[in-house]
Asks: 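I have a structure here, written as structure tokens, and I will follow up with some questions on it.
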There are 2 protein chains.
Amino acid sequence: MIRLSKKVEYSIIALKYFAISKETYLTAKEISNKYKIPHELLAKILQRLSKEKILTSNQGINGGYKLNKQPSDISLEYIIKLFDGEKGIVECINGKSAGECCIFDECTIKDPIIKLQKELEIYFSSKKISDFV
Amino acid sequence: MIRLSKKVEYSIIALKYFAISKETYLTAKEISNKYKIPHELLAKILQRLSKEKILTSNQGINGGYKLNKQPSDISLEYIIKLFDGEKGIVECINGKSAGECCIFDECTIKDPIIKLQKELEIYFSSKKISDFV
DNA sequence: TTAAAATACGACTATATTAGTCCGATTTAG
DNA sequence: CTAAATCGGACTAATATAGTCGTATTTTAA
């Protein structure tokens, strides 16, 4: 089957933990210890989520992150696009590169593939962090 | 977004071509030429589909493949599992390896992830080659 | 004012997966 | 017998993902 990247998986784990946690601020170290996620990797993920305003961060010795959005407002679609990029379900459907595909004109599966992708996007958009809580 | 592997993509292209083609037998070379798919790679894909009885094959100089199933009986789910394996949407959910995951007991996203996977499986099962024709 | 512990950021390396190739064998019509 | 096809496995190349490292900055508290 199709697989979520570790970045997406770790994001879900972390965001769920933020969602259920009482503490206002949580550190990357705390979460990486709890879930055995490589610290440096999780740190970058949280930094990225912070840059996207999904989390807010405090620097300094008592710093950390906290949720800045409702879990029901954070979709899987958003997280996947954030970490895995906007790439399409097949190489062709990469936004601008469609015309570059060498069989583009006679490609017979283009339209149904685009439909497939749209349906998956709708599905992943409908899945929110709150569905994991 | 989530991406189909080339093997799956080429399978869809080839199977659709079988579905719409008048010829009874088509060769790997013919299809690989038409769609600019590496011949050796497509050959292996067709061999695999043949082994699965989705195609039937004739060896020898006038050989080739033809469809052995209705396009409406060949699901995307089947093709994906065939070429990409049974791996789950996350590493944990690899059939037997679930218990091996080091955070399995306190993994908090297990159930919703399994639900996600089931839903995707149902979705891909519902997509047939006939939907691409 | 200094040390410790956190975020921030970018470059780098390692690993795994996917894509594609190569070689040799077998089959079969002409 | 030969050409052209399927068959099957081992191999290589390319790409993508996962994870690491080093360094800077911020902030609190001793």
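Just so it is clear, the values below take in all heavy atoms, side chains as well, and ignore hydrogens, waters and symmetry mates. Throughout, a chain's letter reflects where its sequence line sits, starting with A, and its residues are numbered from 1.
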Asks: Between dG19(D) atom P and Leu41(A) atom CG, what is the distance in whole Å?
Replies: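 Interatomic distance, CG of Leu41(A) to P of dG19(D): 6 Å.
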Asks: Using a distance-only criterion (donor-acceptor N/O pair, under 3.5 Å, no hydrogens), is the base of dA8(C) paired with the side chain of Gln47(A)?
Replies: yes
Asks: I need the CD1-C1' distance between Ile37(B) and dT21(C), as an integer number of Å.
Replies: 16 Å
Asks: Which sits closer to the 5' end of DNA chain C, His39(A) or Asn58(B), going by the nucleotide each is nearest to?
Replies: His39(A)
Asks: Closer than 4.0 Å, any side-chain N/O of Ser50(A) to the OP1 or OP2 of dT7(C)?
Replies: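 Answer no for this pair, as no side-chain N or O of Ser50(A) is under 4.0 Å from OP1 or OP2.
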Asks: Quick test of your reading of the model: are Lys118(B) and Glu121(B) salt-bridged, counting only N-O distances below 4.0 Å?
Replies: no
Asks: Is any side-chain nitrogen or oxygen of Ser57(A) closer than 4.0 Å to OP1 or OP2 of dA6(C)?
Replies: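 The answer is no; no side-chain N or O of Ser57(A) sits under 4.0 Å from OP1 or OP2.
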Asks: For the base of dT26(D), is there a side-chain donor-acceptor partner from Gln59(A) under 3.5 Å away?
Replies: no
Asks: So which nucleotide from dA19(C), dT7(C), dA5(D) ends up closest to the side chain of Ala28(A)?
Replies: dT7(C)
Asks: Looking at every heavy atom in both Asp84(B) and Ser5(B), which two are closest together, and how far apart are they?
Replies: OD1-OG, 2.8 Å
Asks: For Leu55(A) and dA6(C), give me the distance from atom CG to atom P, rounded to whole Å.
Replies: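 Computing the Leu55(A):CG to dA6(C):P distance gives 17 Å.
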Asks: Across the strands shown, which category fits Phe83(A) at heavy-atom distances under 4.0 angstrom: base, sugar-phosphate, nothing?
Replies: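 Nothing, no nucleic acid heavy atom in range.
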Asks: Provide, to the nearest angstrom, the distance between the OH atom belonging to Tyr25(A) and the C1' atom belonging to dT27(D).
Replies: 13 Å
Asks: Which of these, Leu76(B), Ile13(B), Leu15(B), sits in a side chain to side chain contact (heavy atoms under 4.5 Å, CB included) with Phe132(B)?
Replies: Leu76(B)
Asks: Please check this pair: side chain of Lys29(A) against backbone of Leu26(A), looking for a donor-acceptor N/O pair closer than 3.5 Å.
Replies: no
Asks: For the CZ atom of Phe124(B) and the CD1 atom of Ile2(A), what is their distance to the nearest 0.5 Å?
Replies: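 Answer rounded to 0.5 Å: 4.0 Å.
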Asks: Among dA6(C), dG19(D), dA5(D), which nucleotide sits nearest the side chain of Thr27(A)?
Replies: dA6(C)
Asks: Respond yes when some side-chain nitrogen or oxygen of Lys87(B) is under 4.0 Å from OP1 or OP2 of dT18(C), and no when none is.
Replies: yes
Asks: Quick check on DNA chain C: between Asn62(A) and Ser5(B), whose nearest nucleotide comes earlier from the 5' end?
Replies: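 Whichever sits nearer the 5' end wins; that is Asn62(A).
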Asks: Any donor-acceptor pair under 3.5 Å between the side chain of Lys44(A) and the base of dG10(C)?
Replies: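 Present.
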Asks: Separation of Glu40(A) atom CD from dA14(C) atom P, in whole Å?
Replies: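 Going from CD in Glu40(A) over to P in dA14(C) covers 16 Å.
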Asks: Rounding to an integer number of Å, can you tell me how far Glu91(A) CD sits from dA16(D) P?
Replies: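 These atoms are roughly 8 Å apart.
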Asks: To the nearest angstrom, how far is Glu23(B) atom CD from dA5(D) atom P?
Replies: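 Result: 14 Å.
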Asks: Take the protein atom NZ of Lys66(A) and the nucleotide atom P of dT7(C), then report the distance between them rounded to whole Å.
Replies: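 Roughly 15 Å, once rounded to whole Å.
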